[in-house]
Number of protein chains: 2
Amino acid sequence: MDTQAARDILTHHLKSGGKLRATPERFAILDAVLQTQGHFDVEGLYYRLITTGVKVSKATVYNTLELLLECGLVAKYRFAENTSRYEKAFGRPQHHHLICLSCGDIIEFMNEKLERIQDDVCAEKDFFPQSTTLQIFGTCSKCTKKG
Amino acid sequence: MDTQAARDILTHHLKSGGKLRATPERFAILDAVLQTQGHFDVEGLYYRLITTGVKVSKATVYNTLELLLECGLVAKYRFAENTSRYEKAFGRPQHHHLICLSCGDIIEFMNEKLERIQDDVCAEKDFFPQSTTLQIFGTCSKCTKKG
DNA sequence: CTCGGTGCAAATGCTTTGCAATGTC
DNA sequence: GACATTGCAAAGCATTTGCACCGAG
């Protein structure tokens, strides 16, 4: 994962935004995000930040994630729960989710045919797509075996 | 929309549940749900209930929607906002959503090819699917023209 | 020096919960 | 009658906001 490239994207976004400032907190949060694997929530990211010695408030974490969302460095999901979940988007191809309602496990998958469907639908409805989420809820193989 | 059939489904679910009871509130809420068109949230449903003279508490609305979810009479979605949205599932074919990030409009669409993709993916991952949600976030034609 | 950003704590808004009263079975 | 369900209000959580201080530009 190219950390510098991600920082460049953020820096560019801040400059082009006009009044946005480059603060150490913002880059520290970006770094922490880049170190994640898979999904994370605000609570977990915040915990990892403070236990790594980074002093930030939860409010800043929320603000910064919103910022990273704007420049496409993270993706935000909402599965069944009340909590928003994020994942780094930089350098990751688009993928979707199988969500096990029994154990909560999330399995990722990719499918090129899906992109064609997206294009078809959007063309038909004259809709300009930005991001697509396909979520299949059900039971994973482990839980099916268990009972 | 066959109200009686929906009631039968609920009744059956209550009986088969073992200890679940058939209360007037539950059926009143089901009736109100069946009268909806498109999506609704708890607040709106609750408002419609009390203004129609049905005396229920919001807690019961939440409980009952959970119940209706279990027997497949409603579907529950979580788009970008903090609020859960529902819609009646009985008698409605499966469909998906284009969500405009600018005006919040939700456009529904259907696609048979999608079901084949779902089957493929689930077979590959040995996953038993229960419900599928495809959400495409972007900008609708109205908002594209505006700005 | 200006004004955007931060931290903190309080506020908000959706959802859940505790408990006494109610009504189904 | 027993005990699931209800209503109400209070509690819980994730997220947002207000405000004084701080620091990037």
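Residue numbering restarts at 1 for every chain, and letters A, B, ... go by the order of the sequence lines.
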Colleague: With nearest nucleotides of DNA chain C determined for B:Thr83 and B:Pro24 from heavy-atom distances, which residue corresponds to the more 5′ nucleotide?
Modeller: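 Per heavy-atom nearest nucleotide, the more 5' residue is B:Thr83.
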Colleague: Decide yes or no for B:Tyr77 and B:Glu87: does some side-chain heavy atom of the first lie under 4.5 Å from some side-chain heavy atom of the second?
Modeller: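 Side-chain contact under 4.5 Å: yes.
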Colleague: Please check if any side-chain donor atom of A:Asp31 sits under 3.5 Å from a side-chain acceptor atom of A:Gln35, or the reverse.
Modeller: no
Colleague: Other members of the hydrophobic cluster containing B:Ile117, with the 4.5 Å side-chain heavy-atom rule, please.
Modeller: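 So far as hydrophobic clustering goes, B:Ile117 is joined with A:Leu98, A:Ile107, A:Phe109, A:Leu114, A:Ile117, A:Val121, A:Phe127, A:Leu134, A:Ile136, B:Leu98, B:Ile107, B:Phe109, B:Leu114, B:Val121, B:Phe127, B:Leu134, B:Ile136.
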Colleague: Taking only the side-chain nitrogens and oxygens of B:Thr60, find out if one of them lies under 4.0 Å from OP1 or OP2 of D:dG7.
Modeller: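 Yes, within the criterion.
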Colleague: Starting at the 5' end of DNA chain C, which residue's closest nucleotide do you reach first, B:Ala22 or A:Lys19?
Modeller: A:Lys19
Colleague: Quick check on contacts: within residues 48-56 of chain B, what sits under 4.0 Å from DNA chain D by heavy-atom distance?
Modeller: B:Lys55, B:Val56
Colleague: Would you indicate, yes or no, if D:dT15 has its OP1 or OP2 atom less than 4.0 angstrom from a side-chain nitrogen or oxygen of A:Tyr62?
Modeller: yes
Colleague: For B:Arg21 and C:dG23, is the shortest distance between a side-chain N/O and OP1 or OP2 below 4.0 Å?
Modeller: no
Colleague: Look at B:Ser84 and C:dT15 and indicate whether a side-chain polar atom (N or O) is within less than 4.0 Å of OP1 or OP2.
Modeller: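 True: B:Ser84 side-chain N/O within range (under 4.0 Å) of C:dT15 OP1/OP2.
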Colleague: So how far off straight is the helix from C:dC1-D:dG25 to C:dC25-D:dG1, going by the axes through five pairs at either end, to 10°?
Modeller: 40°
Colleague: Measuring from A:Glu66:CD to A:Cys71:SG, what's the distance to the nearest 0.5 Å?
Modeller: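 These two atoms lie 11.0 Å from each other.
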Colleague: For C:dG4, does either OP1 or OP2 sit under 4.0 Å from a side-chain N or O belonging to A:Thr23?
Modeller: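 Checking A:Thr23 against C:dG4: no side-chain N or O falls below 4.0 Å of OP1 or OP2.
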Colleague: Above 12 or not: heavy atoms from other molecules or residues under 6.0 Å from NE2 of A:His95?
Modeller: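 More than 12 within 6.0 Å, yes.
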